[in-house]
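The next block holds one structure in the form of structure tokens; read it before the comments.
Both backbone and side-chain heavy atoms feed into the values below; hydrogens, waters and symmetry mates do not.
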Amino acid sequence: MTKYKTINPTTLDEALETLNGCNVMPIAGGTDLLVKFYEVYGKSLPKLVVLDGLIPLHEIKTENDRISLGPLVTFSEIENSPELRKAAPQLVQAASVAGSVQIRNRATIGGNIANGSPSGDLIPPLYVLNAELELSSVNGRRSIPIDKFFKGPGITVLEKNELITSISFDKTFENGFFLRLATRKALAISKVSVAANYSMQNGTITNVRIALGAVAPTVIRAPRTEEYLSGKELNDNVLSTAAKLIKEEAKPISDIRSIADYRREMVGVLLKRGLNGIPQSE
Amino acid sequence: MILRCMKHDSKHKIVGSSVPRVDAFDKVSGRAKYAADYNAKGQLYGMVCYASHPHAKILNIDTGKAAKLPGVRAVLTHEDIPGEKSFGSVIPHQMALCSDKVRYSGDVVAIVAAESIEVAEQAIELIDVDYRQLDVVSDPKVALKDGAILIHDENNLCAYHKVRRGNIDEGFEKSDVILERDYSTSKIEHSYIEPEAVLAEPGENGGITITGSVQNLYSIRRAVARVLGLSLNRVRIIQATLGGSFGGKDETMSALCCRAGLLALATGKPVKMVNTREMSMRESYKRHSYQIHYKVGSTKCGILQAIESEIYADAGAYAAMSPFVTWRSAVHATGPYSIPNVKTDVYAAYTNNCYTGAMRGFGSPQICFAIESLIDELAEELNLDPLELRLKNILKDNSITATGQGLKHKVSLKEVLDNVTEKMGFVDKWKQNREQKRDTAFKRGIGISCSYRGISLGAEGTDAAGVIISIQTDGSVILSTGLIEMGQGAATTISMIVSEKLGITPDRIRFLSADTSRSPDSGPTVASRTTFMAGNAALRGCHELLERIKPVAAELLRCPEQDLLFENNSVYAPNKTSEGDRKIPFSELADKCFQKGISLFAHGWYKSPPTTWNEENGQGDAYFTYVYGANLAEVEVDCITGNVRVLKFISSHDPGQIVNLSGALGQVYGGVIMGIGYAMLENYAESEGNPLVANFDEYLLPTACDIPEIETTLIHNPDELGPLGAKSLGEPACEIAAPAIANAVFNATGMRIRHLPLTLERVKLGKELVRIDSRGSVKARGG
Amino acid sequence: MKLDFVLNNKRVSINVKGGLRLIDLLREQLDLVGTKEGCGKGECGACTVLLDGKPVCSCLILASQVRNREVTTIEGLSIEGEMHPAQEAFTETGAVQCGFCSPGLLLSTVALLNENPEPSREQIRRALSGNLCRCTGYEKIFEAVELASRRINGLSVQNDKV
Ligand SMILES: Cc1cc2nc3c(=O)[nH]c(=O)nc-3n(C[C@H](O)[C@H](O)[C@H](O)COP(=O)(O)OP(=O)(O)OC[C@H]3O[C@@H](n4cnc5c(N)ncnc54)[C@H](O)[C@@H]3O)c2cc1C
Ligand code: FES
Ligand code: FES
């Protein structure tokens, strides 16, 4: 049994003020933090600033074609949001395959981003949506594109006293998908994932953005593949070339969840399947 | 769920029907008390200090700082042990607290009792142990080489068993086709969802009472008495509701009970110890990983001539049940086939890996995977279909087994095989699948497997069990036995047998949880022996009671004893004349007997029929009877990602007589799914003696989304030795799931996978996941 | 620290030490030991309770995170001694073996049936995939959920017990 010291702010200002102290850190759903807390922090446990009470940070807002999500929006809320289903299908697909019901009911989008894992399932969709993160602290606010946020596995640009306070993006182009592979059919972490956002015009693909999860120290975009694909007709040849290209863009390692060779191979497979409209196999 | 029950009999009233579990109500209401739910006033919390290395000499243990921490009540090392420092049912060398050296990473060097868990944890951090690291032995084959580093004082051979039949060289000479293959299986954690827990309370006059998640009360009591230096009658072990065991809560619990007992005696206070999942994974024994080499010879037309096998089991640091587990492997190594020439050698070797012991299947899942894959490989070589080759060679009535035992009961192998294959049109499907286009991504496959299984302990050990039946004056009944309820439904099964015999309804029977101070030592609840042994003992007890109460009933009802009918909580004198049935309530009879001073208490004792074993030539009547089972798996393989989906499973078994139908099905489903986990997901990976998985995030069990539709067919084939004809069920279902799946994957893809588990990477690339250190870098091992 | 929340339909106001996990608050301080701990890492679901009607792992929530919210544990499922139809169905179909997973599975089941009174097999599988059961092979659990669903919807329940 582990006892944690907690503080329960009710306003954002109060939360930011508290976070400005030393040896404190925020807790949202706790599904990452409480799992590894003890191992990582050992005996000098930081005080936890419980974010649950910050009501405005739970909201999903739509203004014209711009969506903004509070960092405390949960995977379940994303999964069940009719607006998001239209505006960000890749994000909804990712939220609905992750974890279990219990985890999705608690896991937040802000926690998924701040945790900074290359296998965080919401991150590749946010990459292809070109999401902007709003970071706040007692010193003010700044805005940063998601692909500038991560430095390495678990390492981000977030300052100790900063909170992610909003995640916003434009509505997707008309097509998008998220596909992943994992050892089990449920309750499993991705071995590899691919998200995309693109338009089709007269049979050719345009505006294509592709991001890859769990195949590099951070989630990455696949710029060469994107460039190759744009303006192409989607036929078997094009798909095969794209699959080959994207394999070169992945920089996977081997770990307990998979083997580098396998991951590299599968990036291509998932891209092809996604573009061919083959759904996530459960 | 579809169930076809063959030839269901109507001879019995209760036995053979579906009865809700007698303990289900408490369990669904959250009221059932599991070990960690017990607390005692003023209790302390115990914690262990694990070995820092898998293999090292202990130079010094300094507990000074820990002992001074406020809130700490005791810090103990081997020096504080009043009795022997070690225990073990077969070889008593497992250390309660290590003295000279540590042999695996789950070994414990010191223990602490403190006023809170936090303080206990802090105290553990303050214990300083100096080690001199020793080289680690992690491969059982390497462990047996000359000059290998020794784990114990003598060589690293933990157990060796052989079977010899006919002349193996002649057998291969007569063979037209000879095949040699290597297989391996992974180490498996029982993964009962309840981690181990105990509460030890010092009793009067220096004794101790321990309530815990214990499977084998008596072996645990022996260990505790030995280590605490107490006589057996001063150690009382009480079983809490058990949150799963599958063979796993034996030696691990002995160790935990010894440690909690030591702390309780040292402090004079109740001590509670609850393992986290990480501790359980690190410390508790596992199912052995095996490395198996087979050589099989057959005539052109598929008549098996010879099987030679060499099998290495990783026993880990301590013997535990390894000698028995590997003996079962030796007896069953050639599968359910008639083979005139057999040479089997099974070795269990000590290593610095986590030790291994009893787990559902008990030495058979490994063997079944290998032999049933091998038979399919041979069929391929001979251009026969897998069913045809099996049918040509399976054991039949009066066949002689590899150990020279003639089978005198009805052998139902053909029936179970027919059951799983006929409905699916196995052979046609199997042939069609082979014609699938090479470039389709998703391919179907179908595979079968079968087994025979000796029930109960066999020549592994003395086999006897007792059941106490006590009729109360209101006609209700209390049952107790040393064989225990561990989730498998034993309480319900035994209650049903007694209910059948005494003619009272199951709700009038209470099955007490086991307690060493009131139930007889009945040996271990393992090897699918509970129904058979306790069932027979219960029958004897009932018989004894009936002998005593029948005369009273006959007198009351004025009818001859042999006409009496015990049914529906009443005793009837059936209508012979026109005046109608006469009856009295069972409760009235019980009360009358009591008033007449007739004992309403019986202790039914049953000793198994004889078995024999000759260590010299590896021959004997290994088990007194066998059960038979067959499985069929249908899979879809995504050839591009290596993802295997098990679509359908058919499982057919011969449990003799079904006692509780719903319980029987539960055993089959649970067994099959555990087998699917073995086939597809589970692997307790270790590297140089260090475990690479710590919790269920890395040790993956099947979830509700990972399982196929399962169809079960049970054969009604009462065994003359079984209680009312019943034999057993829980283990056969589990042991043959993996080979059926591997055979189905071959049928789909033409790729033979000889190593478990069948992860995506293995199916796609033929490589397994091996992490070399806990930082996350790994190498892929070809395989 | 004072904590107010609703537990099994009753208001609770309690002093909790530091920020312990919800499961510890329930088991150690409130003596509600029906909630089980199997892994402490969100992987097994034995600790499942309902938070505002939704299943969550009580091993991954701090007690202070349930402030002013509603928590339901297995002890709160039966109302005045009367079992929830799901509890009855679990008992009757043989969905319970060792029972260690049962409280968590029942809460997941109740949440599912509240949201979707007639779930398909696939929906049941998905809803229960966060609850590991090592004993039953899940099949009987699926049957129990289906039986409970029929009872709740007042559909005629053919006696399909085997
Ligand atoms: C059983 C299980 C299964 C899982 N399966 C998946 C899966 O399939 N896919 C997946 O992607 N993840 C999975 N996860 C991981 C986890 O659930 C997600 O990463 C989740 O999004 C984390 O969110 P949280 O709110 O729980 O974060 P927390 O644990 O509360 O926080 C995580 C980190 O982020 C920081 N943080 C949280 N919110 C903010 C904020 N607003 N601003 C700044 N910092 C913040 C915290 O300080 C902490 O360092 C799983 C976890 C478990 C236990
Ligand atoms: S104990 Fe909480 S999920 Fe296992
Ligand atoms: S009944 Fe034992 S874990 Fe589910």
Side-chain angles (χ1 to χ4, degrees), chain A residues 1-10 24-39 45-55 58 72 74-77 79-80 96-108 111 182-189 280-282, chain C residues 1-4 16-29 37 39-69 104-105 107-109 111-112 115 122-132 138:
Chain A
M1 184 182 22
T2 315
K3 295 208 177 76
Y4 307 94
K5 291 241 158 45
T6 57
I7 303 160
N8 291 262
T10 50
V24 285
M25 72 187 309
I27 178 168
T31 58
D32 270 320
L33 203 139
L34 294 182
V35 163
K36 61 183 180 191
F37 200 56
Y38 224 41
E39 287 152 34
L45 294 182
K47 257 190 217 161
L48 297 179
V49 180
V50 175
L51 301 182
D52 288 52
L54 308 180
I55 308 299
H58 292 268
L72 299 181
T74 63
F75 282 49
S76 292
E77 285 159 352
E79 186 185 355
N80 296 319
S96 60
V97 296
S100 61
V101 180
Q102 289 93 322
I103 299 300
R104 295 195 292 274
N105 281 338
R106 288 297 295 166
T108 67
T183 303
R184 255 194 316 211
K185 315 279 183 277
L187 205 62
I189 304 293
Q280 175 77 34
S281 69
E282 288 280 304
Chain C
M1 179 186 80
K2 190 149 153 293
L3 180 67
D4 292 292
V16 298
K17 291 172 260 156
L20 62 167
R21 303 177 307 168
L22 177 59
I23 189 169
D24 300 322
L25 172 68
L26 294 170
R27 287 183 54 90
E28 314 285 326
Q29 238 174 304
E37 178 160 1
C39 71
K41 296 234 154 139
E43 296 284 341
C44 75
C47 66
T48 301
V49 300
L50 303 185
L51 181 63
D52 294 337
K54 298 217 157 71
V56 297
C57 296
S58 63
C59 70
L60 292 185
I61 298 192
L62 300 176
S64 65
Q65 290 183 302
V66 305
R67 167 161 298 162
N68 298 331
R69 302 180 72 174
L105 269 158
L107 289 158
S108 290
T109 299
L112 167 69
E115 210 170 275
E122 269 325 294
Q123 289 168 328
I124 296 173
R125 282 172 184 265
R126 207 170 125 74
L128 302 185
S129 62
N131 293 84
L132 296 177
Y138 303 106

(request) Against chain C, label Ala28(A) side chain, backbone, both or neither, depending on which of its atoms sit under 4.5 Å from a heavy atom there. (result) backbone
(message) I need the His58(A) NE2 to Leu51(A) CG distance, nearest 0.5 Å.
(response) 8.5 Å
(request) Name the member of Glu37(C), Arg27(C), Arg125(C), Gln65(C) that forms the most heavy-atom pairs with chain A at distances under 4.5 Å. (result) Gln65(C)
(request) Can you tell which part of Leu112(C) gets under 4.5 Å to a heavy atom of chain A, answering side chain, backbone, both or neither? (result) neither
(request) With a 4.5 angstrom heavy-atom cut-off, could you sort out which part of Glu122(C) is near chain A: side chain, backbone, both or neither? (result) neither
(request) Measure from the side-chain N and O atoms of Ser100(A) to the backbone N and O of Leu187(A), and report whether any donor-acceptor pair falls under 3.5 Å. (result) no
(request) Pick one of side chain, backbone, both or neither for Thr48(C), based on which atoms fall under 4.5 Å of a heavy atom in chain A. (result) side chain
(message) For the interface with chain C, which of Thr31(A), Asn8(A), Ile27(A) has the highest count of heavy-atom pairs at distances below 4.5 Å?
(response) Asn8(A)
(request) For the residue pair Leu34(A) and Leu62(C), establish whether any side-chain heavy-atom pair is separated by less than 4.5 Å. (result) yes
(request) Would you mind checking which part of Ile61(C) comes under 4.5 Å of any heavy atom in chain A, side chain (CB onward), backbone (N, CA, C, O), both or neither? (result) both
(request) Check whether any side-chain N or O of Ser108(C) sits under 3.5 Å from a backbone N or O of Leu128(C) as a donor-acceptor pair, and report yes or no. (result) no
(request) Mark yes or no for whether Arg184(A), through its side chain, and Ile189(A), through its backbone, hold a donor-acceptor pair below 3.5 Å. (result) no
(request) Side chain from CB out, backbone as N, CA, C, O: work out which of these in Thr74(A) comes under 4.5 Å of a heavy atom of chain C, or both, or neither. (result) neither
(request) First locate atom CZ of Arg67(C), then atom CE of Met1(C), and finally report the distance between them rounded to the nearest 0.5 Å. (result) 5.5 Å
(message) A side-chain contact here means heavy atoms from C-beta on lying under 4.5 Å apart; do Asp52(A) and Arg69(C) qualify?
(response) yes
(message) Under a 4.5 Å cutoff for heavy-atom pairs, which residue among Val101(A), Ile103(A), Asn105(A) has the most contacts with chain C?
(response) Asn105(A)
